[in-house]
Amino acid sequence: MIRVYNTLSKTKEPFEPVSPGKVGMYLCGPTVYKPSHIGHMVGPVIFDAIKRYLVYSGYDVTFVINVTDVDDKLIAESANRGMPMEKLAAEMTADYMQNLRAMAVDSVDHFPKATDNIDEIIRLTATLVDKGFAYESKGDVYFDVTKSKDYGKLSGRSVEAMQCELSENIRLKRNSADFALWKSAKPGEPSWPSPWGNGRPGWHIECSAMSGRILGKTFDIHGGGLDLVFPHHENEIAQSESAHGCPMAKYWMHNGLMQASDEVGKVGGRNTRTATEGDLASQEAGKISKSKGSSAFSEMLEVFPGETIRFFLLSTHYRRPIDFSNSRIEEVGTGLETFYRFFQRYERVAGESFYDLAAAETREKGDFKPGKDALLADVAKHRQAFLDAMDDDFNTGGGTAALFDLVRRLNKFVDQEKLEASTDGKDAALASLKQGATTLRELGSALGLFLKPVEAPAEADDDLVGGLMDLLIEIRANARKNKDFATADRIRDALGELGITLEDRPGGTGWQR
RNA sequence: GGCGCCGUAGCCAAGCGGCUAAGGCAGCGGAUUGCAAAUCCGCCAUCCCCGGUUCAAAUCCGGGCGGCGCCUCCA
């Protein structure tokens, strides 16, 4: 039984989809007016992992992330750049998509754009006006929060508490907390014809329109950053539920926000990372936000592999805020190496790539009977620990811990059985190892990890380097055979200075950059 | 001011009333190695403070202290 923390109830609830077996999931995506920063990746990575885990658990999941491509910020930025809004939006959307790919976020079924859904937005707005929940005011249309009896139920605010003097520019509204569904166009602004004149959608309405169109009036999971609880999600609820007369989403899930650690910029002096890489995020401590500014995520990807950043994001619970710093990601990367080294080890021992293992795609199929096999008994135990953690509100931190336990157990097995020296007559041990590795692949896949080999730091002359390395290793092997350790160590040390590490293993010498 | 979150080892972090408080990074000791690297084994916390509830609390309640978020645009 999966349990989910619901912001609406502030408790963990058993996860039971509206329609048995089917899950509709909507995540608030970006407003595409600037290149994405790491904060934009948190939600997509987490909800991608959640979708994978739900699919793994046997659900048929439809996952939607919207792209808001018309809004005040877009209009301002495009004017700023002297570029049509559509062109700016297209460029920034492309940047966003590329970043998602790098993070292995590929479980999204729909990326609806606001500008492709203007008709639906107008229809929904008209419905709200017809039903008396919204009113027109000089070409604008506002939602009247006093008409929604439970307005504030998500964020715990009361309409009364939000009342304040109506200032000059919001005199068009009846109450200060009312928000725009439709905004009349000023000259030169992008606009669409509507019953209220030319204009464009307000900020919140596109999510109500698109989630309703694709997932239905009531769907299962609505996600987003904690900062969206108010006003964005509160207003979505007001719009959708007033228009449809039924709950918008059953579970509201909010991820913690990424914080830029104040040590950013100071780390790295010690070893490999240098000061130039120090300000991938804001130099300022505190939340990474638009107003504070932070570097483009694409630049970060030039320094860290996508999978390392993904693992970093998944190594803690999604509701917790995460402090970002380069050193933290480096540490996580060090931990990830343990897995990658095991994959290479597995390939040497088993003669097949870890990435070619056909793992079960559902937890049901992945279940196996360990019998009296001591290794498999432990594998099953760690697998269960992983499932228990994930079932408990998608505790990816606990889940990754189980993954570490699992590799360690597998490495220990390879050591004990001396599989690296020789596998002759060890078919049974190999079979057990394969089952263990397959389980690791199964669980990793459920989080969107270890999907495909990390790209080697590709250098054009790999053949040449490979040939030279073979030669050096051969020369060194001869030296070692002759107890000429001076020569052997000279070779290893010199390579070390070039950033190449030699590993003498039972089966021969290997190397890595 | 209103709403809310957090405080577990040097650092990150799981844990949500009851087994010896997961896991990662760093460090130390050992096995292995010609020496290393990798791997494995071991060591490294009574959970911010003070009260209370309970047979039993890191886990619940109250009060402090210390971080932080939202209330305006934000994933």
Side-chain angles (χ1 to χ4, degrees), chain A residues 7 10 12 27-31 33-34 36-47 65 71-73 76 96 152 155-158 160-162 164 177 203 223-232 234 254-259 261 263 285-292 311-312 315-317 319-323 325 327-328 330-338 341-342 344-345 382 385 389 392-393 395-416 420 480 483-486 488-489 492-493 496 501-506 509-512:
Chain A
T7 307
K10 293 188 171 49
K12 283 183 197 170
L27 176 68
C28 284
T31 298
Y33 73 110
K34 274 186 175 175
S36 31
H37 61 250
I38 187 171
H40 291 113
M41 296 296 117
V42 178
V45 165
I46 284 158
F47 284 89
I65 298 183
D71 137 297
D72 293 357
K73 296 190 293 296
Y96 182 69
S155 57
R157 287 157 213 265
S158 64
E160 300 76 58
M162 283 183 282
C164 61
W203 173 31
L226 211 46
D227 53 346
L228 294 183
V229 174
F230 187 88
H232 188 53
E234 194 69 71
H254 293 96
N255 58 269
L257 303 177
M258 174 74 61
Q259 325 251 134
S261 164
E263 69 176 285
K287 189 179 77 168
I288 297 180
S289 66
K290 300 280 197 284
S291 50
K292 283 181 183 166
F311 196 76
F312 166 69
S315 63
T316 175
H317 188 91
R319 278 192 280 123
R320 244 180 117 102
I322 316 177
D323 279 340
S325 76
S327 55
R328 196 120 303 143
E330 281 173 37
E331 285 174 15
V332 164
T334 306
L336 256 189
E337 295 287 331
T338 303
R341 274 194 228 95
F342 172 76
Q344 294 171 346
R345 199 178 193 199
H382 293 133
D392 184 10
D393 196 28
N395 182 355
T396 53
T400 52
L403 258 28
F404 273 106
D405 285 334
L406 187 49
V407 244
R408 192 186 326 102
R409 185 63 183 88
L410 261 20
N411 267 322
K412 184 175 179 176
F413 184 74
V414 174
D415 281 359
Q416 286 175 333
E420 280 219 84
R480 292 177 70 208
K483 305 264 190 236
D484 178 8
F485 295 122
D489 292 347
R492 188 174 61 199
D493 293 346
T501 309
L502 290 186
E503 297 181 11
D504 295 327
R505 310 186 194 100
T509 297
W511 63 277
Q512 359 196 230

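Note: hydrogens, waters and symmetry copies are ignored here, and every other heavy atom, side chains too, is used. Each chain gets a letter, A, B and so on, in the order its sequence line appears, and its residues count up from 1.
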N/O to N/O distances under 3.5 Å, protein versus nucleotides 3-7 of chain B:
residue, atom, partner, partner atom, Å
C3(B), O2', Ser155(A), O, 3.3

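Distance from the side chain of His37(A) is smallest for A75(B) among the nucleotides A75(B), G24(B), A14(B). With G15(B), G69(B), A26(B) as the choices, the nucleotide that has an atom nearest any side-chain atom of Leu257(A) turns out to be G69(B).
Within the shown strands, U39(B) is the pairing partner of A31(B) under the Watson-Crick or G-U definition, both distances less than 3.5 Å. Look at G15(B): its Watson-Crick or wobble partner, with both distances under 3.5 angstrom, is U8(B). Nucleotide A21(B): unpaired (no Watson-Crick or G-U wobble partner with both distances less than 3.5 Å). C70(B) is paired with G2(B) under the criterion used here, namely a Watson-Crick or G-U wobble arrangement in which both key atom distances are under 3.5 Å. Of the nucleotides present, none pairs with C44(B) by Watson-Crick or G-U wobble criteria with both distances under 3.5 Å.
Across all strands, Gly43(A) comes closer than 4.0 Å to no nucleic acid atom at all (heavy-atom distances). Residue Gly496(A) is classed as having no contact, given no heavy-atom separation below 4.0 Å to the nucleic acid. Residue Asn395(A) is classed as a sugar-phosphate contact, given heavy-atom separations below 4.0 Å to backbone atoms only. No contact: His232(A) has no heavy atom under 4.0 Å from any strand.
As a whole-Å value, the separation of Arg328(A) CZ from G10(B) P is 15 Å. For Asp227(A) and C70(B), the CG to C1' distance is 8 Å, given to the nearest whole Å. Between Phe404(A) atom CZ and A13(B) atom C1' there is a gap of 12 Å when expressed in whole angstrom units.
Cation-pi geometry between Arg157(A) and Phe230(A) is satisfied (NZ or CZ under 6.0 Å from the ring centre, within 45° of the ring normal).
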request  = Using a 4.0 Å heavy-atom cut-off, write out nucleotides 35-44 of chain B from 5' to 3' as B (base contacted by protein), S (sugar-phosphate only) or - (no contact).
outcome  = BBBSBSS---

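A distance-only check finds a donor-acceptor pair linking the side chain of Ser325(A) to the backbone of Arg328(A) [under 3.5 Å]. Glu234(A) places a side-chain N or O within donor-acceptor distance of the main-chain N or O of Gly152(A), the cut-off being under 3.5 Å. Between the side chain of Ser315(A) and the backbone N or O of Thr400(A), no donor-acceptor pair lies under 3.5 Å. Side-chain atoms of Asp71(A) come within 3.5 Å of backbone atoms of Lys73(A) as a donor-acceptor pair (strictly under, hydrogens ignored).
Side-chain contact check for Ile65(A) versus Tyr96(A): some heavy-atom pair is nearer than 4.5 Å. In this structure the side chain of Leu410(A) never reaches within 4.5 angstrom of the side chain of Arg345(A), judged on heavy atoms.
Each of Ala488(A) and Asn255(A) was matched to the nucleotide of RNA chain B holding its nearest heavy atom; the match closer to the 5' end belongs to Ala488(A).
Using a 4.0 Å cut-off between charged side-chain N and carboxylate O, Lys412(A) and Asp415(A) make no salt bridge.
The phosphate of G23(B) has neither OP1 nor OP2 within less than 4.0 Å of any side-chain N or O from Ser315(A).
For Arg505(A), the side-chain hydrogen bond (donor to acceptor under 3.5 Å, both in side chains) partners two or more places apart in sequence, or in a different chain, are Glu503(A).
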